[in-house]
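All remarks here apply to the structure that follows.
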Amino acid sequence: MKKKNIIIDTDPGIDDAIAILFALKLEEIELKAITTVAGNVDVEKCTKNALKILEMVGRTDIPVVEGACKPLVKRLRTAEYVHGIDGLGDTNLADPTYKPLDANVVDFLVETILKNREPITIVPVGPLTNIALSLIKEPKIANKIDEIVFMGGTAGSYGNVTPLAEANVYCDPHAAKIILQSGISTTMVGLNVTQKPLVFRKHLKKIYHKKNPISEFIIKILDHYIAIHKKFFKIDGCAIHDALAVAVAIDRNIVKTKKLYVDVEVNEGLTQGATIVDYYGVLGKESNIEVCVDVDSELFLSMLLSNLQKYQEKY
Ligand code: RIB
Ligand code: CA
């Protein structure tokens, strides 16, 4: 089977960690690199977390490049209250011995995208700062990126950091606007779909294996994430937002999409970071991106859990 070349741009982050572990078990994916961006926690912690995860599963063949330490314009506001002080549910894994590539993230992304003979799909699951900076530095990459499938925004449902705004877009709305206006084939995987398939504690039994440190790690961070969802959203399960973006990147059957005109509010105030989805085309503007409007929750959960279960095999 022909694998899809993917770069995950991420701010690990509990659901980011699950998305990376999920992607590593998907046969359809060739994970070319992980780039990190400040979001859930500061970028140093995001980078350390990406390194810890790859080292834990023996995948130090995959380069990690540290990215932007703050949004393009706004002040960085991190989310330790959700993801823990360390960004991984306060599991406090040992520092990794694996080191990041000594490279500037923009130079790395531009060079990798331009020189790669095969098409590359970018899967941003944090604020879009790195992708925006790369497009500013070298607009030509827009013609070489096969697709951007990003977790962010929301289409017709509530926000999770303000009543209207989703965390990744709220963190860096100016970067999101650059991607929305880039003309690159882009799919938005918003809260309206990522919050539908929930992982409950009953699902954790399928993944857990007592002698397996990786499955123990997965259980610990999901247990933390479920507790946080209970506290803030009054639900007994958790939404693995970022993993759905990874799944959509390789299997469009998981979601229903519509090509729509989408913009983002960048100005300060109550609506900053809101993704404005013109569902009925009332603005008369040309549709610019594919928007996920529904999801096959059963199919996604089955795909996610069956691939996370594979981490039991080695032990
Ligand atoms: O709103 C959910 C998104 O914000 C996810 O990517 C999560 O990791 C946080 O970054
Ligand atoms: Ca994320």
*Give a yes or no on this: more than 12 heavy atoms of other residues, nucleotides or ligands lie within 6.0 Å of atom CG of Leu283.*
yes
*Passing candidate, side-chain contact (heavy atoms from CB on, under 4.5 Å) with Thr35, options Leu109, Ile122, Thr10*: Leu109
_Please tell me whether Glu55 and Thr97 have a donor and an acceptor in their side chains that are separated by less than 3.5 angstrom._
yes
*Does the Thr78 side chain pair with the main chain of Glu80, one donor and one acceptor, at a distance under 3.5 Å?*
no
_Non-hydrogen side-chain atoms of Cys238 and Ile240 separated by less than 4.5 Å_ = yes
*Are Asp263 and Lys177 ion-paired here, with the side-chain N under 4.0 Å from a carboxylate O?*
yes
*Hey, any chance Leu180 and Val73 share a hydrophobic cluster, counting ILVMFWY side chains that come within less than 4.5 Å of each other, even indirectly?*
yes
*Are Val262 and Tyr280 connected, step by step, through hydrophobic side chains (Ile, Leu, Val, Met, Phe, Trp, Tyr) whose heavy atoms are closer than 4.5 Å?*
yes
*Would you say Ser306's side chain and Ser302's backbone share a donor-acceptor pair under 3.5 angstrom?*
yes
*Where the side chain of Lys45 meets the backbone of Ile85, is there a donor-acceptor pair that is under 3.5 Å apart?*
yes
*asked:* On a heavy-atom basis, which atom in Cys171 and which in Ala38 lie closest, and how many Å separate them?
replied: SG-O, 4.4 Å
*Carefully, step by step, assess Leu24 and Leu31 under the rule side chain to side chain contact (heavy atoms under 4.5 Å, CB included).*
CA-CA 7 Å; Leu24 290 172; Leu31 185 53; 3.8 Å; yes
*For the hydrophobic clusters of this structure (ILVMFWY residues joined by side-chain heavy atoms under 4.5 Å, transitively), does one cluster hold both Val193 and Val248?*
yes
*asked:* Both conditions, 6.0 Å and 45 degrees, for the charged tip of Lys230 above the ring of Tyr225: are they met here?
replied: no
*Side-chain contact, heavy-atom cut-off 4.5 Å: Leu304 with Ile18?*
yes
_Nearest 0.5 Å, please: how far is CG in Leu72 from CD1 in Ile136?_
5.5 Å
*Can you tell if the side chain of Thr91 reaches within under 4.5 Å of the side chain of Phe217, non-hydrogen atoms only?*
yes
_Donor-acceptor side-chain pairing of Gln309 and Asn307 below 3.5 angstrom_ = no
*Backbone of Asp15 reached by a side-chain donor or acceptor of His241 within 3.5 Å*: no
_Leu222 and Phe200, any side-chain heavy atoms less than 4.5 Å apart_ = no
*Are Glu286 and Lys259 within salt-bridge range, i.e. N to O under 4.0 Å?*
no
*Where is the tightest heavy-atom contact between Phe22 and Ala243, given as atom of each residue plus distance?*
CE2-O, 3.5 Å
*For Val199 and Leu204, what are the C-alpha separation, side-chain angles and deciding distance, and is it a side chain to side chain contact (heavy atoms under 4.5 Å, CB included)?*
CA-CA 8 Å; Val199 171; Leu204 303 188; 4.0 Å; yes
_Expected output: side-chain Glu166 to main-chain Val169 donor-acceptor under 3.5 Å_ = yes
_For a quick test of reading the model, state the closest non-hydrogen atom pair linking Val189 to Cys292 and the distance between them._
CG2-SG, 4.0 Å
*Flag, side chain of Asn130 to backbone of Val105, donor-acceptor distance under 3.5 Å*: no
*Can you tell me how far CD1 of Ile113 sits from CD1 of Ile7, rounded to the nearest 0.5 angstrom?*
5.5 Å
_Please report whether the ring centroid of Phe232 lies less than 6.0 Å from that of Tyr81._
yes
*Quick one: are Val57 and Leu21 in side-chain contact, heavy atoms under 4.5 Å?*
yes
_Side chain Asp9, main chain Val125, donor-acceptor under 3.5 Å_ = no
*Interatomic distance, Ile207 atom CD1 to Glu216 atom CD [nearest 0.5 angstrom]*: 13.0 Å
*Could you state the interatomic distance from CG (Leu308) to CE (Met303), rounded to the nearest 0.5 Å?*
11.0 Å
_Looking only at the side chains, is there a donor atom on one of Asn49 and Asp86 sitting less than 3.5 Å from an acceptor on the other?_
no
*Roughly how far apart are Leu76 CG and Asp11 CG, rounded to 0.5 Å?*
9.5 Å
*Can you tell me how far the OG1 atom of Thr112 sits from the NZ atom of Lys32, to the nearest 0.5 Å?*
9.0 Å
*asked:* Between Lys2 and Glu118, is the salt bridge (charged side-chain N to carboxylate O under 4.0 Å, His left out) condition met? List the steps.
replied: CA-CA 11 Å; Lys2 181 144 182 52; Glu118 311 258 306; 2.8 Å; yes
_Check whether Glu66 reaches the backbone of Asn104 with its side chain - one donor and one acceptor, N or O, closer than 3.5 Å._
no
*asked:* With a 4.5 Å cut-off on side-chain heavy atoms, are Val277 and Met188 touching?
replied: yes
*asked:* Other residues, nucleotides and ligands only: do more than 12 of their heavy atoms fall within 6.0 Å of CG on Asp102?
replied: no
_Worked verdict on Lys196 versus Asp294 for salt bridge (charged side-chain N to carboxylate O under 4.0 Å, His left out)_ = CA-CA 9 Å; Lys196 285 186 175 175; Asp294 203 357; 3.1 Å; yes
*Pair Met151-Asn168, side chain to side chain contact (heavy atoms under 4.5 Å, CB included): steps then yes or no*: CA-CA 8 Å; Met151 193 281 132; Asn168 289 335; 3.6 Å; yes
_For Ala94, is there any backbone N or O sitting under 3.5 Å from a side-chain donor or acceptor partner on Lys52?_
no
_Student check: side-chain heavy atoms of Ile148 and Thr187 closer than 4.5 Å_ = no
*Does a salt bridge link Asp278 with Lys285, judged by any charged N lying under 4.0 Å from a carboxylate O?*
no
*Would you name the heavy atoms of Val37 and Cys46 that are closest together and state the gap between them?*
O-SG, 3.5 Å
_Student check: side-chain heavy atoms of Tyr170 and Lys74 closer than 4.5 Å_ = yes
*Before accepting this row, confirm whether a basic side-chain N of the pair Lys256/Asp296 lies closer than 4.0 Å to the acidic partner's carboxylate O.*
no
*Might you confirm whether atom NZ of Lys205 has over 12 heavy atoms from other residues, nucleotides or ligands at distances under 6.0 Å?*
no
*Considering only NZ, NE, NH1 and NH2 on the basic side and carboxylate oxygens on the acidic side, decide whether Lys220 and Asp90 come within less than 4.0 Å.*
no
*Between Glu147 and Thr186, a side-chain donor and acceptor under 3.5 Å*: no
_Minimum-distance pair of heavy atoms, taken over all atoms of Ala165 and Gln272_ = CB-O, 3.4 Å
*Step by step, would you call Asp107 with Lys137 a side chain to side chain contact (heavy atoms under 4.5 Å, CB included)?*
CA-CA 9 Å; Asp107 296 340; Lys137 169 84 184 281; 2.9 Å; yes
*Return the minimal non-hydrogen interatomic distance between Ser182 and Ala142, and the atom names on each side.*
O-CB, 4.4 Å
*Side-chain H-bond candidate by donor/acceptor type, Asn40 with His83, under 3.5 Å*: yes
*May I ask you to decide whether Arg201 forms a salt bridge with Asp223, counting only side-chain N to carboxylate O separations under 4.0 Å?*
yes
*Without swapping roles, check the side chain of Lys3 against the backbone of Glu27 for a donor-acceptor pair under 3.5 Å.*
yes
_Within the 3.5 Å criterion, strictly below it, is a donor on Ser157 or Asn192 matched to an acceptor on the partner's side chain?_
no
